[in-house]
Amino acid sequence: MLRKIRILLAAVTFTLITLLFLDLTGSLHAWLGWLAKIQFWPAVLALNVAVVAGLLVLTLIFGRIYCSVICPLGIMQDLISALHGRRKRNRFSFSPEKRWLRYGVLVVFLASCVAGINVIVSLLAPYSSYGRMVNSILRPVWTAGNNVLASLAERMDSYAFYNVDVWMRSLPTLIIAAVTFVIIAVLAWRGGRTYCNTICPVGTILSFFARFSWFKISIDGDKCVSCRLCEKNCKASAIDVKTGRIDYSRCVVCGNCIGKCNKDAIRYVHPAKAEARKAEAKHEGGNESGSVDSGRRSFLLGAAIATTAAALAQEKKKVDGGLAVIEDKVQPERATPITPPGSMSARHMAQHCTACQLCVSACPNDVLRPSSDLSKLMQPTMSYERGYCRPECTRCSDVCPTGAIKPITREDKSSTQIGHAVWIKKNCVSVTDGVACGNCARHCPVGAITMIPLHPGTDSKLTIPAVNEARCIGCGACENLCPARPFSAIYVEGHEVHRTV
């Protein structure tokens, strides 16, 4: 019963979180965005005390169920391990805890957080690793499938689907995501939860609390016949039948051992109650009542998980939007990268972002993409070759689970200066081709661009843009809609610290 509840909850969580990254419309974030916010490390960075405390209390009561039913990377490992389990059964065995590796990785992880070495933090954070895999590997496939359906629907005069561009946002991020997937998949295929119990820093942190959990997997020595079925099916390699010991710091409460035991020798109860049941079984000569209670305990576990998730749910309103893509633009060399409105500064973004790519996948205008800069590797940066940052869109700030991009209203966004426009005379079509344009001024949402005569004092009607830097908010509409190719005649330079205009 425990295993079935765990599988059901894990399947629901895994499917919904994956859909968050694959959603092409932005509608799911309004209902499911809280699933990203209850992930452990994003909640820590966001200083979300309620979520962190709730997850720790959940661990102190039920053990490491977070790793089994909430963490998408953990669930992914279970899926891969289960595929191998169909070919090779009873393949696990007890192995001692590798403390030097677990705690060594944790020390490096925490030291990197303090020192601001964000690359290491982003590589090791489990939720972020899973997000990169979905966004870099699975999302292009998903989008291509959507485009096939859109093509078929168009032939039937239906617009239930619409085409979305499939493009590579960052080659380094794609390579890192692919390598990460291969490593974790191989470890899960061969050793089940090896990654969780030797490398994952979140698993190590939760293991401190899981040792003292109220409910634990318990072996009844009087009923156990040492068949080792439980040990051979423990994907955490945490059960040692010879000594009758279970390493609770590595147990993820998957319930596999309970399901495989034919002698009813393993239960999920409080240790003190396990001893009481043992004495009661000896006195009454039966175990029927214990079996019934085990079902109640399993139901309690499932109810607790569902209740906790519901209590932590946060629903946000999203604004949809889109813009036709302008092709063949080349990204300019910016002296200062642009960070999204709500991130406040480049430093704040670097300190809080774990590069999960949720904002990148949620951006409806293809403005956000993972950075290739080593100091900010895989963290989102802005560029305007494919679209611009629409003043009415706040989707990236709505979905960010870590607080790297803080929630921002449309009114505040319209007065937040993330950069300013710079005009490049040699690229402007009014100068090079002698044609009237004014595209940048017409589309500036804040009126920061004024067209002035190219040749004042003459009969020429050609005009060029003059930028009011104090009024410009750096949205990139001018850069994106500039007809000059391959480099726009006007581009946005970012600001290290955002300003209010």
Side-chain angles (χ1 to χ4, degrees), residues 11-43 45-46 48 50-51 70-73 75 125-143 145-146 160-162 164-165 169 309-323 339-343 349 352-370 379-380 382 386-387 389-413:
V12 172
T13 302
F14 185 76
T15 301
L16 296 182
I17 289 181
T18 303
L19 288 176
L20 275 179
F21 288 92
L22 299 178
D23 181 25
L24 299 177
T25 65
S27 58
L28 290 181
H29 289 280
W31 302 97
L32 305 176
W34 58 272
L35 283 170
K37 293 179 172 62
I38 64 171
Q39 300 301 314
F40 185 82
W41 192 247
L45 292 179
N48 196 330
V51 172
I70 298 178
C71 176
L73 191 67
I75 301 171
Y127 166 74
S128 300
S129 296
Y130 180 75
R132 283 192 299 274
M133 293 178 204
V134 175
N135 192 56
S136 300
I137 302 173
L138 185 57
R139 185 180 174 88
V141 178
W142 178 272
T143 305
N146 169 82
F161 300 90
Y162 58 90
V164 179
D165 282 340
R169 289 174 168 83
L312 298 175
Q314 301 180 38
E315 296 182 7
K316 304 289 185 179
K317 291 184 178 181
K318 309 294 186 299
V319 179
D320 200 358
L323 186 70
T339 58
S343 61
M349 169 67 82
H352 292 81
C353 179
T354 62
C356 72
Q357 313 294 305
L358 186 57
C359 60
V360 175
S361 67
C363 180
N365 300 310
D366 291 335
V367 170
L368 290 175
R369 72 278 312 271
Q379 293 186 349
M382 301 175 71
R386 292 176 169 269
C389 190
R390 297 166 65 99
E392 73 273 15
C393 176
T394 59
R395 195 175 297 176
C396 60
S397 70
D398 293 335
V399 303
C400 179
T402 67
I405 308 174
K406 292 187 175 296
I408 187 172
T409 64
R410 285 179 287 181
E411 292 76 14
D412 289 338
K413 180 180 178 180

Under a 3.5 Å distance rule, please check whether [X] uses its side chain to pair with a backbone N or O of [Y] as donor and acceptor.
X: T394; Y: S397; result: no
X: K413; Y: R390; result: yes
X: S136; Y: M133; result: no

Practice problem: Taking the side chain as every heavy atom from C-beta outward, state whether F21 and L28 have any pair of such atoms under 4.5 Å apart. | Solution: no
- Task: May I ask you to test the P364-R395 pair for a side-chain heavy-atom distance under 4.5 Å?
- Result: yes
| query | How would you list, by chain and number, every residue that makes a salt bridge (Lys or Arg N to Asp or Glu O under 4.0 Å) with R139, sequence neighbours excluded? | reply |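 With sequence neighbours excluded, R139 shows a salt bridge (Lys or Arg N to Asp or Glu O under 4.0 Å) to no residue whatsoever.
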Say you draw a straight line from [atom1] of [X] to [atom2] of [Y]; how long is it, rounded to the nearest 0.5 Å?
X: N146; Y: L24; atom1: CG; atom2: CG; result: 5.0 Å
X: Y127; Y: C356; atom1: OH; atom2: SG; result: 4.0 Å
X: C393; Y: N365; atom1: SG; atom2: CG; result: 6.0 Å
X: S361; Y: N135; atom1: OG; atom2: CG; result: 5.0 Å
X: H29; Y: W34; atom1: NE2; atom2: CH2; result: 14.5 Å
X: L73; Y: F14; atom1: CG; atom2: CZ; result: 9.0 Å

From the list P72, S128, P401, P126, side-chain contact (heavy atoms from CB on, under 4.5 Å) partner of Q39 resolves to P72
Contacts satisfying side-chain hydrogen bond (donor to acceptor under 3.5 Å, both in side chains) that involve residues 14-23 (not counting sequence neighbours) are T18-Y130, D23-T25
Not counting sequence neighbours, which residues clear side chain to side chain contact (heavy atoms under 4.5 Å, CB included) with [X]? List them please.
X: L368; result: P340, C359, V360, C363, P380, M382, C396
X: A355; result: S122, R132, Q357, M378, Q379
X: L45; result: W41, T354, T402

Closest non-hydrogen contact found for L22 with V134 is CD2-CG1, 3.7 Å
Do you know which two heavy atoms are closest between I408 and D412, and how far apart they sit?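 Minimum heavy-atom contact is CG1-CB, 3.7 Å.
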| said: Determine whether H352 and I405 satisfy the following criterion, side chain to side chain contact (heavy atoms under 4.5 Å, CB included), listing intermediate values before the conclusion. | reply: CA-CA 9 Å; H352 292 81; I405 308 174; over 6 Å; no
Sequence neighbours excluded, the answer for side chain to side chain donor-acceptor pair (under 3.5 Å) partners of S343 is T339
Margin query: Pair L16, W31 - check side chain to side chain contact (heavy atoms under 4.5 Å, CB included), show working.
Written below: CA-CA 10 Å; L16 296 182; W31 302 97; over 6 Å; no
Taken in chain and number order and not counting sequence neighbours, the residues that satisfy ring pair (Phe, Tyr, Trp, His ring centres under 6.0 Å) with F40 are none
